[in-house]
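What follows is a single structure, written as structure tokens, with notes after it.
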Amino acid sequence: MAASTKIFTAVTTLLVLSLPCSLTKGNNGNTGTPDENTAPLPQCTETDFQFVYTECDDEQNRWRVAVPNKDCQGGNVPAPIRAPKCGKTCDPGQYLDIDGSQECLPCKKGEFSLGGGELFDSWKELPPGFVVDVELDSWWNEDDTNCSSSLWKPVGPFIQSPGDYCYSKLIYSADLKKEGFVNFTYSLATRDTLFHVQVRNEQCEAVSVGEGRGDKFPGTTGENMWASVTIPLEAGHNIITWKAFGLSSYEESKPPPIYIKEISIMGLDYTSKCTPCPSGTYAPNEGSSECIRCDADSVPNAEATECVSCQRHEYAYPGSSQCTERLPCKDSDYYRIYDYSKCYESDKTKVSYEWIEPVICQYGVAGAVNLPQSGKETCPSCNPGMQLSKESGHCEFCEEGKFSDGKGACEECPALTVPKKVMKYLTWKELPPFMNTLCLSNDDSDPNCQADSGWVPAGDHIHSGENYADDVYLILSLKVKEFQVSGGYVEGQASPVSTVTFAFKLECHADCNLYFVEEVETAEPEIIKIWTGQTDDVVVYKHSIRTTTPRVFTWAYEKKDPEKELEENVDLRHDVARIYNITVSNVKNGGASYCEPCQQSKNKECISCHEGMYYSNDTQTCTPCPLNTYLSPAEDACIPCGPGLKNVQKRICYSDCKFTLDGTDYDLTPLKGFHTLDTSASFTELGNRFFKRFNISLCGTEEKMETICKADRMSNNVMEKTAEVKSLICRSTILPSGNQQISTQVMSIGDVLLGITHEDTLNNLKDNFTKPRSDDLDVKDIKFFYHSPHTTSACPEGRSTIITLRCNPDAKANGTMEFVPECRDGTCDGCNFLILWNTEMACPSCTEKDYTSIEGSCDQEEQEVTYIWKENKICVGGVSLPPKKTQACEMPKWYNQMPWYAQWSIAGMVTMAILMAVLIIFFWKRNIKLEYKYQKLVASANGELPAAETCALSEGEDEDDVVFQDGKKKSFLNKFKFKNGSGEKELLNASDSLSMQAYLS
């Protein structure tokens, strides 16, 4: 008894705390006593209470208590009673009867219930429980980007992401009582927006149930297409986040938004009441888990238990809540059907008429046109290059070698001519070959959009149809299977393979849209151009095709902007898009309206030259292109390859990584093959990482491109390839997911190698940001120029890549690759990419000039010769050092065995000795002359001495020619005189000596 009293007291306290403030406080907010100036609250009656459950205790018990649902006081408050244990849920189509039995009961007719689930399919405002948020990721955006308004926005039939480069999030928190799931239906046109869905628990951990993962990257659906994704949820608290952000901020146009039109969550707590069926639907049975949409020309009754038909003068689209008055029919409400099979019997064809479905106009009333009676008309002509087929009764393209102007049968081309094939659609009596049309709606079950509905041929044009609902998309597509020419490059510019030209006009009262979309085989669709609003005149648009890959062109028309609500008096039933003509040139799956002169042989017959050959009018033969030239796109001449490239009768020049620039040889063959360069990683606030990856094949091969980039997506935890790009250089965005990596946004940034040079410029490509080397090495950089002809609105000239290879003897083997610091992620504009590659392989190839020889000593007439690299060697590969060798030699002279300084010293000493000898001889001889003169004077002592000025020899007189007094010449020995025969030499006396001194002086 005491325990029951405690429980009752606790529940009563909870009840008081749950009452509105007006019941626990006065209007002055101080006490529970009413203000004297305030009228007293009325007494609560039985109907003024509603029942709620208390919070669960530790044992999962709870109570049902009554709380007032209006301002009242007192009254007979129902006593609390024990409620079903926490975690009780009901099946779909049931609700928990809190007010009565507290058991699960079926919903009544006109209502539905998901049981323990919640469905969100109306987005006029953000439903309770949802939160929108945004964060700025600096890897994608500049720091000053304003993302405050970049939020998910409800727009009526769906909720959409902002469609920009901010990181926007849609968040919902769900407390599941048992395992369940979340299912959502979305639309994503292209890969330029990343869609990431995460499920986390309270600890921010990834949620996994069974084989399912709470981390998904839903793929693209295509323009105006829808797909559904289911993610398992575990019991407990689940935080579901839908994230969207643009993958590249370099595009000129904004990335497409993500649309979500329906979200359902199962595994929630009980449903206390059923939900009335939405407008335009009904539930005919009790216990319905969903409501059924009413068919065309019917609307639900007031109780939503059944659909009632509109009056004969009214109509209603499927899912409409009310009927609309039918207007009198006009000529635009029907279309013609031609039976071409009768044209072979006569020049007349049967013409019948049918109303455009669904019929929303009223005929047989005043002011209305009636459906014309079937009759006969002159057979309409076919389009150029086509003829009427007797078997099918439709216009078909001419066979190979024939042509037609469309008015008659196909004819053989004249001699020496060949057909010029195109797709040229000028008349629209029926849907031409290789074209299809369909209608898409937000609801796949909408009978307005049947498989055979869509654009309607109308003689001189084709239009989108007038009586479709406002929210449908009308699709017209054209498939091109193969082109006649393969394209190429002239002076570095990609020549167009083909062009698509069309003329159109938009007639609309709201912001209608016409999308022109190109879908290349193996790639995802790309929106080329969007036109919005009415056009006063006919618009002509031309789009160039620069690759030969098969593709599909699509024109998609929508009557209004889905984000905007229309005013009640705006009628869009007759808003249309009209296309008057479409022309695609140089296609093989087309027809020829004329024939052009062909290449002629000597026999005046048309010939077809093999690949890499052209027809020479001079020799009248197929002539192969000279070495290192390639065939022009027009196949009438050969064009020199770019610098550093070669070619052998191929259409595209290539490099085998061996080339010569400015007389210097290079060999980059070790760099052949597949290389990868990643940008720095970026992290979201939850730690998710993503980055750009560049796949590079520097030279490729003569036959094919080696680099492949793939786009993948996760589907049921299985990786699926959705697109693939093959080129020399391609780029993709990598998003790690668990043990796998998801690749998306693949694109080629280098299909063709244009040339290899030392210069910063090649044709119209220029490297403005790579700085020159800052060291003292006298080696030039090597630049590889690549180009991709795929054009976008942001890159009308296509994309290009310039790889600068820099000689660095310290960067062994492949070296290192990096991005130019001035350009984020390798590009400054999203169209031109720059990569710097430091490697020793970029150094010149070694030659004989890069090494020297050292000769050993000559021993027994033999010596060793050793070769070594010169100091500061900056070459790689090329010639190798010759091996040591022994060569014959001669023993050197003794003086050659001395060092040079010894040889010079000896030479100097010998020279000095010779000089000293010469000087000695000179002075000795002069002394002899003086002695001789002296002896002459002595010999003439018996006579008188001559005057001093005559003692010397006269000019030309020889000393031996002097005649002594005795008249005889004296020899050297006779200059000494002996007297008295004594043998004693006669000496000079004192006077003679003095006289001699005077003479010598």
Side-chain angles (χ1 to χ4, degrees), residues 52-64 83-98 102-107 112-123 126-133 152 159 169-186 195-218 228-243 260-275 287-290 686 714 716-717 738:
V52 297
Y53 287 144
T54 64
E55 294 293 333
C56 299
D57 59 18
D58 295 339
E59 297 180 357
Q60 297 298 303
N61 294 318
R62 57 185 173 181
W63 292 79
R64 189 194 75 170
K85 279 187 173 291
C86 297
K88 180 177 179 61
T89 60
C90 297
D91 294 331
Q94 296 180 337
Y95 73 99
L96 185 61
D97 183 19
I98 298 180
Q102 299 193 69
E103 297 292 336
C104 292
L105 301 178
C107 295
F112 77 101
S113 169
L114 297 178
E118 188 110 28
L119 174 66
F120 304 97
D121 58 357
S122 178
W123 303 94
L126 195 65
F130 281 91
V131 176
V132 293
D133 193 12
W152 286 74
I159 186 171
K169 299 182 290 185
L170 174 67
I171 306 171
Y172 184 81
S173 298
D175 289 308
L176 270 64
K177 304 306 178 181
K178 61 181 180 181
E179 289 187 355
F181 61 86
V182 56
N183 176 272
F184 58 94
T185 303
Y186 75 99
F195 190 19
H196 185 194
V197 185
Q198 286 183 324
V199 179
R200 297 289 187 265
N201 57 22
E202 288 181 311
Q203 287 73 39
C204 209
E205 298 172 338
V207 176
S208 299
V209 178
E211 298 181 355
R213 284 184 52 83
D215 205 342
K216 298 287 185 182
F217 292 89
S228 294
V229 173
T230 300
I231 303 177
L233 303 177
E234 62 183 11
H237 190 69
N238 292 265
I239 303 173
I240 310 168
T241 306
W242 292 266
K243 305 178 181 181
I260 298 178
K261 68 176 181 179
E262 184 178 287
I263 298 176
S264 60
I265 301 175
M266 301 300 295
L268 300 173
D269 203 352
Y270 63 88
T271 298
S272 59
K273 62 179 180 179
C274 296
T275 304
S288 296
S289 60
E290 62 179 352
L686 294 179
M714 291 290 293
N716 296 327
N717 220 27

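The minimum heavy-atom distance between P127 and F120, with the atom names listed, is CB-CD2, 3.7 Å. In this structure, G117 and M266 approach most closely via the heavy-atom pair CA-SD, 3.6 Å. Between Q102 and A83 the shortest heavy-atom distance is OE1-CA, 3.4 Å. The heavy-atom pair separating C90 from L96 by the smallest distance is SG-N, 3.8 Å. When all heavy atoms of Q94 and S113 are compared, the pair lying nearest together is O-OG, 2.7 Å. Closest approach of Y95 and C274 over heavy atoms only: CD2-SG, 3.5 Å.
Note that the CD1 atom of I231 and the CD1 atom of I265 stand 10.5 Å from one another [nearest 0.5 Å]. In this structure, CG in D57 is found 7.0 Å from SG in C86, a value given to the nearest 0.5 Å. Separation of atoms CH2 (W242) and NZ (K216) is listed at 14.5 Å; rounding is to 0.5 Å. In this structure, the separation between CG on N183 and OG1 on T230 is 3.5 Å, given to the nearest 0.5 Å. Separating the CD1 atom in I171 from the OG1 atom in T241 is a distance of 4.5 Å, to the nearest 0.5 Å. For the atom pair SG of C56 and NZ of K85, the computed distance is 9.5 Å after rounding to the nearest 0.5 Å.
Contact annotation: the side chain of P218 approaches that of F184 to within less than 4.5 Å [non-hydrogen atoms, C-beta and beyond]. When side chains are defined from C-beta on, L233 does not count as touching E179, because their heavy atoms never get closer than 4.5 Å. Counting heavy atoms from C-beta on, the side chains of H237 and N201 never come closer than 4.5 Å.
S272 meets the side-chain contact (heavy atoms from CB on, under 4.5 Å) test with I98, Y270; sequence neighbours excluded.
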Inset, instruction - Applying side chain to side chain contact (heavy atoms under 4.5 Å, CB included), run through L268 and K177 and close with a yes or a no. - result: CA-CA 6 Å; L268 300 173; K177 304 306 178 181; over 6 Å; no
Legend entry - Working for side chain to side chain contact (heavy atoms under 4.5 Å, CB included), residues V131 and L170: CA-CA 6 Å; V131 176; L170 174 67; over 6 Å; no
Inset, instruction - Please assess D97 against E103 for the test side chain to side chain contact (heavy atoms under 4.5 Å, CB included), listing each intermediate value before the final yes or no. - result: CA-CA 6 Å; D97 183 19; E103 297 292 336; 5.8 Å; no
Inset, instruction - Apply side chain to side chain contact (heavy atoms under 4.5 Å, CB included) to I159 and L126, showing your working. - result: CA-CA 8 Å; I159 186 171; L126 195 65; 3.8 Å; yes
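In this structure, the side chain of T54 engages the main chain of W63 through a donor-acceptor pair within 3.5 Å. A side-chain donor-acceptor contact under 3.5 Å links N238 to the backbone of G236.
Remark: R62 qualifies as a cation-pi partner of Y53 under the 6.0 Å distance and 45° angle criteria applied to the six-membered ring.
Ring geometry for F130 against W123 counts as perpendicular: the plane angle is over 60°, on a 0 to 90° scale with 30° as the lower cut. Between W152 and F195, the angle of the ring planes lies from 30° to 60°, which puts this pair in the tilted group.
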